[in-house]
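Below is one structure, written out as structure tokens; comments come after it.
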Amino acid sequence: MIIAIDGPSGAGKSTVAKAVATKLGFNCLDTGAMYRSVAWYALEHGISLDDASSLGDIAANRPISFGHCEGDPVPRRVFIDGEEVTDVIRTADVDRSVSTVSAHPCVREALLEQQRRIASEGNYVIEGRDIGTVVFPNAELKVFLTASNEERARRRVLQNEQRGVGSVDFEEVLADILRRDELDSSRQNAPLVAAEDALLLDSTGRDIADVIEEICERGARAC
Ligand code: C5P
């Protein structure tokens, strides 16, 4: 069974996806971390963000994997080509670059293949931008999670503070998520858009535990 959770940056997808997966005993997959890993690899190796062929080559040939911290059921550790990138994929540099990288069709094709392969291994909660529309259009439950721009920026600042990585300047973070929303929504290939049959949830001002509960109930019904 697949539960797809799509939506813009900072809507709470990661928190919600991980909590729903833990409650339902599902695996979870953060597809944003995969795009971030490709972007980080490109920056690290001096590859231009316009070089579609080299970026596609990274996505196809530098395997991305996930790992657990001891005692944690959620796979929060991220690796590309065997190197751990859990923290470095959250820097402001990667924030600025990732939407350019993810707009290249060859990058998307290669990662889509990996995402489908990973999720063929069992029940998954998968978070991203195009999971319910493109990667798993037959997902048993599709959620499109949003929140106001200001709330999303506030949450992202808090998350960056807790992680100790990324910008903690509200205006800078707000500008970045608005810019990424625009790029992600306007690209030709697999844009950020709600699937027609998605449950639309606005988490603005809502207790996140409530949102998690609602998705778990729907998920249990869809089983
Ligand atoms: O979710 P997160 O903010 O980590 O995603 C980073 C970026 O990866 C997004 O802004 C988007 O450009 C890209 N992405 C995507 N498709 C997905 C997941 C993420 O294009 N399924």
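Owing to the predicted nature of the structure, the values given are computational and were not obtained by experimental measurement. When reading the values below, keep in mind they use all heavy atoms of this one structure, side chains included, and skip hydrogens, waters and symmetry mates. When a ligand or atom number is given, it counts from 1 through the structure's own listing order. For reference, positions follow the sequence shown, starting with 1.
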ask   = When Ile, Leu, Val, Met, Phe, Trp and Tyr are grouped by side-chain heavy atoms lying under 4.5 Å apart, directly or through other members, which residues fall in the same group as V211?
value =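 Members alongside V211: M1, I3, I5, V16, V20, L24, F26, V125, L141, V143, L145, L199, L201, I208, I212, I215.
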Verify the distance criterion only: is there a donor paired with an acceptor across the side chains of [X] and [Y] at less than 3.5 Å?
| X | Y | value |
| --- | --- | --- |
| R117 | Q114 | no |
| S9 | R129 | yes |
| E172 | S167 | yes |

Taking only distance into account, with no hydrogens and no angle test, what donor-acceptor pairs under 3.5 Å do side-chain atoms of residues 100-113 form with protein atoms, sequence neighbours excluded?
from, atom 1, to, atom 2, distance (Å)
S102, OG, V98, O, 3.4
S102, OG, S99, O, 3.3
S102, OG, R187, NH1, 3.2
H104, NE2, L49, O, 2.8
R108, NH1, S102, O, 2.8
R108, NH2, Y35, OH, 3.3
R108, NH2, D130, OD2, 2.9

Please report which non-hydrogen protein atom sits nearest to [atom], along with the residue it belongs to and the distance in Å to one decimal place.
| atom | answer |
| --- | --- |
| atom 2 (P) of ligand 1 | R129 NH2, 3.6 Å |
| atom 4 (O) of ligand 1 | R36 NE, 2.7 Å |
| atom 10 (O) of ligand 1 | D184 OD2, 2.7 Å |
| atom 21 (N) of ligand 1 | D130 OD1, 2.8 Å |
| atom 14 (N) of ligand 1 | Y35 CD1, 3.6 Å |
| atom 18 (C) of ligand 1 | T31 OG1, 3.3 Å |

task = Please work out which of K13, R108, M34 has its closest non-hydrogen atom nearest to atom 16 (N) of ligand 1.
result =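 Minimum heavy-atom distance to atom 16 (N) of ligand 1 goes to R108.
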Nearest option to atom 19 (C) of ligand 1, as decided by whichever heavy atom of S14, G32, S9 sits closest =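 Comparing heavy atoms across S14, G32, S9, the nearest one to atom 19 (C) of ligand 1 lies in G32.
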message = Is the contact between R180 and ligand 1 made by the side chain, the backbone, both, or neither, using heavy atoms and a 4.0 Å cut-off?
response =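 Within the 4.0 Å criterion, R180 contacts ligand 1 through side-chain atoms alone.
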task = Please work out whether any backbone atom (N, CA, C, O) or any side-chain heavy atom from C-beta onward of S102 is under 4.0 Å from ligand 1, and answer side chain, backbone, both or neither.
result =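 S102 to ligand 1: side-chain contact only, backbone stays beyond 4.0 Å.
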query = Does a side-chain N-to-carboxylate-O contact under 4.0 Å join E214 and R206?
reply =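 Salt bridge present between E214 and R206.
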